[in-house]
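Right, one structure below, let's go through it.
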Amino acid sequence: MKRLAVSLAFFLVLSLAVGLLLSGPALMDWPVAGGLFAVAVLGEGFRFWLRRNRAKKRDSSIV
C-alpha cells in the first residue's frame with residue numbers, strides 16, 4: 001500500500017508540474033493536470049487489480 005501512495009504522490013506532482021508548464025501566462029491548466037492524474041490513478045488501479053487477481057489464482061490452484 002505504501003508503494004501505491006508513493007506512486008500516486010509522484011504522479012500528482014508530475015501532473016501538476018505539466019499543468020503549470022503548459023498553462024503559459026495563466027495560473028494553471030487544470031483539465032490537463034487532472035486528466036494526467038486520472039490516467040495515473042486508472043493505471044495504478046489496474047495494476048493493483050491485476051496483482052490481486054493473480055494472487056487469487058495462485059491461492060485457488062493449491063489443493
Side-chain angles (χ1 to χ4, degrees):
M1 203 54 122
K2 182 180 177 184
R3 184 192 184 287
L4 178 67
V6 169
S7 178
L8 288 178
F10 171 76
F11 282 117
L12 176 65
V13 171
L14 184 65
S15 65
L16 289 175
V18 169
L20 276 173
L21 289 173
L22 292 179
S23 67
L27 184 60
M28 171 66 98
D29 197 353
W30 288 108
V32 171
L36 286 174
F37 187 65
V39 169
V41 169
L42 288 175
E44 287 295 317
F46 181 69
R47 188 190 60 79
F48 181 75
W49 175 78
L50 251 163
R51 180 183 291 182
R52 197 182 91 218
N53 213 15
R54 287 182 186 163
K56 281 184 182 178
K57 284 183 180 180
R58 196 175 314 129
D59 287 343
S60 66
S61 66
I62 298 174
V63 177

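All heavy atoms count here, side chains included; hydrogens, waters and symmetry mates do not. Quantities reported herein were computed from a predicted structural model and do not represent experimental measurements.
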> Any side-chain heavy atom of Arg47 sitting closer than 4.5 Å to one from Arg52?
Replying inline: no
>> Between Ser15 (side chain only) and Phe11 (backbone N and O only), is there a donor and an acceptor less than 3.5 Å apart?
In response: yes
> Can any side-chain N or O of Ser23 pair as donor or acceptor with the backbone N or O of Leu20 at less than 3.5 Å?
Replying inline: yes
> Any chain of hydrophobic side-chain contacts (each under 4.5 Å) joining Leu12 to Met28?
Replying inline: yes
>> Any non-hydrogen side-chain atom of Phe37 less than 4.5 Å from a side-chain atom of Val13?
In response: no
> If you look at every heavy atom in Leu8 and Glu44, which pair is closest and at what distance?
Replying inline: CD2-CG, 4.0 Å
> Can you tell me how far CG of Asn53 sits from CZ of Phe48, rounded to the nearest 0.5 angstrom?
Replying inline: 11.5 Å
> According to a 4.5 Å side-chain heavy-atom criterion applied to Ile, Leu, Val, Met, Phe, Trp and Tyr, with indirect links allowed, do Leu16 and Val41 form part of one hydrophobic cluster?
Replying inline: yes
> Are any non-hydrogen side-chain atoms of Val6 and Phe10 less than 4.5 angstrom apart?
Replying inline: no
